S.K.: 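Quick one: this structure, given as structure tokens, is what I'll be asking you about.
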Amino acid sequence: AFIVIYEHAYTIQTNGKADIIVNISKCTHAGQLSVFIFVFFSGIYTIKSLVENDSVLIFYIKRFMKIYPMLLLSIIFVVILGAFVTTLPLKEYFLHSGTKAYIVNNILEIQNEHFLPGVFLEHENSGLNGSLWFITFQVRIYLIMGIFKSMHLFDEKLSGSIILLILMIWS
């Protein structure tokens, strides 16, 4: 998490400097590298959880309870904070289709929305809560893993290992 914060410090600044990993590798940055490491270890523990649960439904309920309470709080928090900095009148901000899209799209996790009307328009990167892409990614992986479990593809160590490898490469 600290490495991602470190990388984002370079992302939001406007002076053109890059983090040390970009300077060394010329192809990736510290944030991306740390996300790869996190996905790898998270994937191992998630598959362990899936395999140990007898029911895919129980697995889905556990994943839902892990993600959605904080996701909802995060969305509400960002919308409320946006009200303090928007250039729009408050009534217009809260009734704006962009605010509704931000809330609905991010709750449904089908498509991320990173912009609120009138918020940070003067900044070159006016996107908000950029980490939502990762939650959407996790939700999709969990759905795929549940389908694979339902098809009994994790019953054999070899097929389970191959699926894990495919998911890691795909991600």
Side-chain angles (χ1 to χ4, degrees), residues 1-43 45-46 49 59-147 167-171:
F2 288 118
I3 295 171
V4 171
I5 292 168
Y6 163 78
E7 163 55 33
H8 282 88
Y10 285 98
T11 302
I12 62 173
Q13 70 180 355
T14 57
N15 65 5
K17 290 185 179 178
D19 76 67
I20 192 167
I21 301 297
V22 171
N23 293 331
I24 292 170
S25 73
K26 306 293 185 211
C27 66
T28 190
H29 54 80
Q32 189 173 38
L33 189 60
S34 66
V35 167
F36 288 155
I37 293 166
F38 176 79
V39 167
F40 176 77
F41 287 111
S42 176
Y45 289 112
T46 303
S49 172
F59 172 76
Y60 282 152
I61 290 170
K62 286 180 178 180
R63 298 292 108 188
F64 179 87
M65 294 308 295
K66 179 180 178 183
I67 292 174
Y68 271 86
M70 293 310 293
L71 174 64
L72 293 174
L73 277 174
S74 169
I75 292 168
I76 292 166
F77 185 69
V78 169
V79 169
I80 290 171
L81 284 178
F84 287 99
V85 295
T86 185
T87 57
L88 300 176
L90 283 181
K91 183 178 179 181
E92 186 178 339
Y93 169 77
F94 282 111
L95 296 177
H96 195 282
S97 63
T99 306
K100 291 176 189 172
Y102 182 87
I103 294 168
V104 171
N105 289 342
N106 289 326
I107 287 175
L108 294 179
E109 287 299 308
I110 295 169
Q111 167 186 319
N112 294 131
E113 185 64 48
H114 297 288
F115 303 96
L116 283 168
V119 176
F120 299 141
L121 297 178
E122 68 284 349
H123 196 282
E124 88 178 35
N125 183 0
S126 60
L128 304 166
N129 211 353
S131 59
L132 291 175
W133 73 268
F134 190 73
I135 296 171
T136 302
F137 169 77
Q138 281 183 305
V139 168
R140 291 176 183 167
I141 291 291
Y142 295 157
L143 289 172
I144 291 168
M145 289 171 59
I147 291 167
L167 286 174
M168 286 171 37
I169 292 168
W170 175 64
S171 66

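What you are looking at is a predicted structure, and each value in this text was computed from that prediction instead of being measured.
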S.K.: What pairs with K62 under side-chain hydrogen bond (donor to acceptor under 3.5 Å, both in side chains), at least two apart in sequence or on another chain?
M.R.: N53
S.K.: Rounded to the nearest 0.5 Å, how far apart are CZ of F84 and CG of L81?
M.R.: 7.0 Å
S.K.: Could you tell me which residues satisfy side chain to side chain contact (heavy atoms under 4.5 Å, CB included) with I61, sequence neighbours excluded, listed by chain and number?
M.R.: L57, M65
S.K.: Under the side-chain hydrogen bond (donor to acceptor under 3.5 Å, both in side chains) rule, collect the residues that match up with S42, sequence neighbours excluded.
M.R.: none
S.K.: Would you say I107 and I75 make side-chain contact, with heavy atoms under 4.5 Å?
M.R.: yes
S.K.: Could you give all pairs that pass the side-chain hydrogen bond (donor to acceptor under 3.5 Å, both in side chains) test and reach residues 97-113, with sequence neighbours left out?
M.R.: E109-T136, N112-T136
S.K.: Roughly how far, to the nearest 0.5 Å, is OH of Y142 from CD1 of I147?
M.R.: 15.0 Å
S.K.: Given side chain to side chain contact (heavy atoms under 4.5 Å, CB included), test Y93 with V79 step by step and report yes or no.
M.R.: CA-CA 9 Å; Y93 169 77; V79 169; 4.0 Å; yes
S.K.: Check side chain to side chain contact (heavy atoms under 4.5 Å, CB included) between L108 and all other residues, then give those that pass, not counting sequence neighbours.
M.R.: V104, I110
S.K.: For F134, what residues pass the ring pair (Phe, Tyr, Trp, His ring centres under 6.0 Å) criterion, not counting sequence neighbours?
M.R.: F38, F137
S.K.: Got a sec, which pairs hit side-chain hydrogen bond (donor to acceptor under 3.5 Å, both in side chains) with one end in residues 78-89, sequence neighbours left out?
M.R.: none
S.K.: At their closest point, which heavy atom of S74 faces which heavy atom of N129, and how far apart are they?
M.R.: OG-ND2, 2.8 Å
S.K.: Restricting to side chain to side chain contact (heavy atoms under 4.5 Å, CB included), what partner residues turn up for L143, sequence neighbours left out?
M.R.: Y60, V139
S.K.: For P117, is there any backbone N or O sitting under 3.5 Å from a side-chain donor or acceptor partner on H96?
M.R.: no
S.K.: If the condition is side chain to side chain contact (heavy atoms under 4.5 Å, CB included), which residues does I76 pass it with, not counting sequence neighbours?
M.R.: I80
S.K.: Is there side-chain contact between R63 and T46, with heavy atoms separated by less than 4.5 Å?
M.R.: yes
S.K.: Can you tell me how far apart NZ (K66) and OG (S49) are? Round to the nearest 0.5 Å.
M.R.: 8.5 Å
S.K.: Which residues pass the ring pair (Phe, Tyr, Trp, His ring centres under 6.0 Å) test with F64, not counting sequence neighbours?
M.R.: Y68
